[in-house]
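Right, one structure below, let's go through it.
Worth knowing before you read on, the calculation uses all heavy atoms, side chains too, and leaves out hydrogens, waters and symmetry mates. Here is the naming used below: chain letters follow the sequence lines, and residue numbers restart at 1 for every chain.
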2 protein chains.
Amino acid sequence: MSKSAAKRLIPSLPTLPDLPGATRRQQYSSSTKRALVEAASELFTEHGYAATSLDSIVAAAQVTKGALYHHYSGKQAVFEAVFERIETEAAASIAKAVKGVKDPWRKASAGLRAFLDVVQDPTYRRVVIQEGPAVLGYERFREQEERSSFAIVLEVVNNVLSAGPWELDQPMIDTFSRIFFGALSSAGEGVAASDDPEAASARVEAAIGFMLMGLRSLVDQGIEFVDPVTGNSSALAE
Amino acid sequence: MSKSAAKRLIPSLPTLPDLPGATRRQQYSSSTKRALVEAASELFTEHGYAATSLDSIVAAAQVTKGALYHHYSGKQAVFEAVFERIETEAAASIAKAVKGVKDPWRKASAGLRAFLDVVQDPTYRRVVIQEGPAVLGYERFREQEERSSFAIVLEVVNNVLSAGPWELDQPMIDTFSRIFFGALSSAGEGVAASDDPEAASARVEAAIGFMLMGLRSLVDQGIEFVDPVTGNSSALAE
DNA sequence: CGATTTCACGTACCGGCGGTACGTACTAAG
DNA sequence: CTTAGTACGTACCGCCGGTACGTGAAATCG
């Protein structure tokens, strides 16, 4: 038998409303990639990474494994593409929420609400929170997060801490940010898993808000913070 | 060909210093299980769940797949056994650290230190934190944690919050606990990933301690906490 | 103490899945 | 029109998780 025909699987080529400035080849290419990422995104969300076969992905995307392997180096690369898309969207959503808010405390509050919204998205929960670390490995997972959602948390926390009379160095600010980030992730998961997300979300806001109040109280009292590493005890601002 | 012999793989049966009150069969059984769990623990830690084949596990444990499938229903069940062992050990370690400490704030501090120690263990990081949610699924993961390490955090947080003038209901305490738990996990990961774990650990202690100070300050000021769900604004204790 | 049952494995095999090798049609460039 | 490269499609392989079944030693029973 011959290797038989290798005709395009979708003869009725769908609308290619991609980038108008690109050639037909590039349009085909990017539309195929989009179809793959979208299909993979759904399947990963529903069944998880391990339980999603490449065959099912390419079937849902109306292409074949050859196409997939032409664009991506393998299954993990597809996952990574999905991950990056979700993370980018999430970061943009949160960034939008905090944009323009001047008061650091209100900014933190706005960011918190946006974060709690994001974490309700099933795809985000599954792909980023649940399977991200295991599939990408902790290193790559960290890198990705550091570039997107964590960066925003860092900025917000930085703003809040700068409101205090302290001079904190970068490692210390990072530490605070990590703590808040972890708190938010965990709390967000709790919210998403709750049978009454509304109430749970309100509780989280209240709890975090209360802790922020605590920090603020220390600020107002002019309590000094002693860096355990540098030994710098940041005194009051003049 | 006949199915050939099915002689025991380890004819020189090793010392069976297990439970003296058990029969030989039970001793064989539990020693095999221990060997499997230990081998799997090492391999999972080093290569991760997906990259560890059952063949490699049974080879390291000096048994065959038949033995493994006799004791466990499959690969995931083996992972679960490893997970449970690690979690139990970790919980015991932390519980020991907080045991006997009376002052809630000091108790929290001691627990924090113990937690930061636990999270340095590569097996704990890999099996519990990194791959636990993905392999077990978030539901089972949660259940397991709730029974062990999270339970301790809950208790400690409960103690701390009870020190305040507030009357918090269970969901609110849970929320605070989740927040702290997430903060600790994330911070712990940061510590473990740092190139100077000592310094990083000190920073985390300082940061968390500072936030506890904030809470304490609110306590001292008699600030009331308003539950957003119940609407209860817990006034001062008289 | 012999017979029978039960348990704790060992062996052989299967189906599915990730990955690869290679072939082909369509496109853009000259 | 030729030519080179791209964007796929097809056939196949090796590994791995899981299963079916066999076997001998230990417990149980009469």
Side-chain angles (χ1 to χ4, degrees), chain A residues 1-14 16 18 21-36 40 43-44 47-80 135, chain B residues 1-14 16 18 21-36 40 43-44 47-80 135:
Chain A
M1 266 63 351
S2 71
K3 287 270 191 168
S4 89
K7 270 275 182 187
R8 175 155 269 103
L9 278 188
I10 322 164
S12 58
L13 53 107
L16 293 178
D18 239 349
T23 76
R24 291 173 61 94
R25 287 263 271 267
Q26 292 170 319
Q27 290 186 15
Y28 267 118
S29 173
S30 61
S31 94
T32 300
K33 283 170 78 171
R34 261 196 18 209
L36 280 169
L43 291 168
F44 284 154
H47 309 294
Y49 179 79
T52 301
S53 71
L54 288 185
D55 284 329
S56 71
I57 293 177
V58 297
Q62 306 259 54
V63 294
T64 59
K65 276 165 77 168
L68 190 150
Y69 272 92
H70 177 70
H71 291 291
Y72 300 98
S73 61
K75 192 182 183 183
Q76 180 166 332
V78 175
F79 180 87
E80 215 153 332
V135 177
Chain B
M1 314 283 114
S2 70
K3 285 271 189 165
S4 88
K7 270 280 183 184
R8 172 152 272 105
L9 279 187
I10 322 164
S12 58
L13 53 109
L16 294 176
D18 240 347
T23 78
R24 292 174 62 100
R25 289 264 275 267
Q26 291 170 320
Q27 290 186 15
Y28 267 117
S29 175
S30 62
S31 95
T32 300
K33 284 171 78 171
R34 262 196 18 212
L36 280 169
L43 290 169
F44 284 154
H47 310 293
Y49 179 78
T52 301
S53 72
L54 287 185
D55 284 330
S56 71
I57 293 177
V58 297
Q62 306 259 56
V63 294
T64 61
K65 277 166 77 168
L68 189 150
Y69 272 92
H70 177 71
H71 292 291
Y72 299 100
S73 62
K75 192 183 184 183
Q76 180 166 332
V78 175
F79 180 87
E80 215 153 330
V135 176

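Of the side-chain N and O atoms in T32(A), one or more sit less than 4.0 angstrom from OP1 or OP2 of dC8(D). Contact annotation: H71(A) reaches the phosphate of dC8(D) (side-chain N/O to OP1 or OP2, under 4.0 Å). For the OP1/OP2 pair of dC8(D) and a distance below 4.0 Å, the side-chain nitrogens and oxygens of H70(A) include no atom meeting the criterion.
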Would you list the protein and nucleotides 13-16 of chain D atom pairs, both N or O, that sit under 3.5 Å from each other?
none

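A donor-acceptor contact shorter than 3.5 Å links the side chain of S30(B) to the backbone of Q26(B).
At whole-Å resolution of the value, CG in L43(A) and P in dC17(C) are 12 Å apart. Rounded to whole angstrom, the span from the OH atom of Y69(B) across to the P atom of dC21(D) amounts to 17 Å. Q62(B) has its CD atom 10 Å from the P atom of dG10(C), to the nearest Å. In this structure, Y28(B) places its OH atom 14 Å from C1' of dA27(D), rounding to the nearest Å. A straight line from CD1 of I57(A) to P of dG19(C) spans 10 Å, rounded to a whole angstrom. If you take CG of L68(A) and P of dT10(D), they are 15 Å apart, rounded to a whole angstrom.
Not counting sequence neighbours, the partners of Y69(A) by the side-chain contact (heavy atoms from CB on, under 4.5 Å) test are L54(A). Shown here are the side-chain contact (heavy atoms from CB on, under 4.5 Å) partners of A60(B), two or more places apart in sequence or in another chain: A39(B), L43(B). For S29(B), the side-chain contact (heavy atoms from CB on, under 4.5 Å) partners are K33(B), H71(B), not counting sequence neighbours. For A59(A), there are no side-chain contact (heavy atoms from CB on, under 4.5 Å) partners two or more places apart in sequence or in a different chain.
Residues in residues 51-80 of chain A take part in these salt bridge (Lys or Arg N to Asp or Glu O under 4.0 Å) pairs, two or more places apart or across chains: E80(A)-R140(A).
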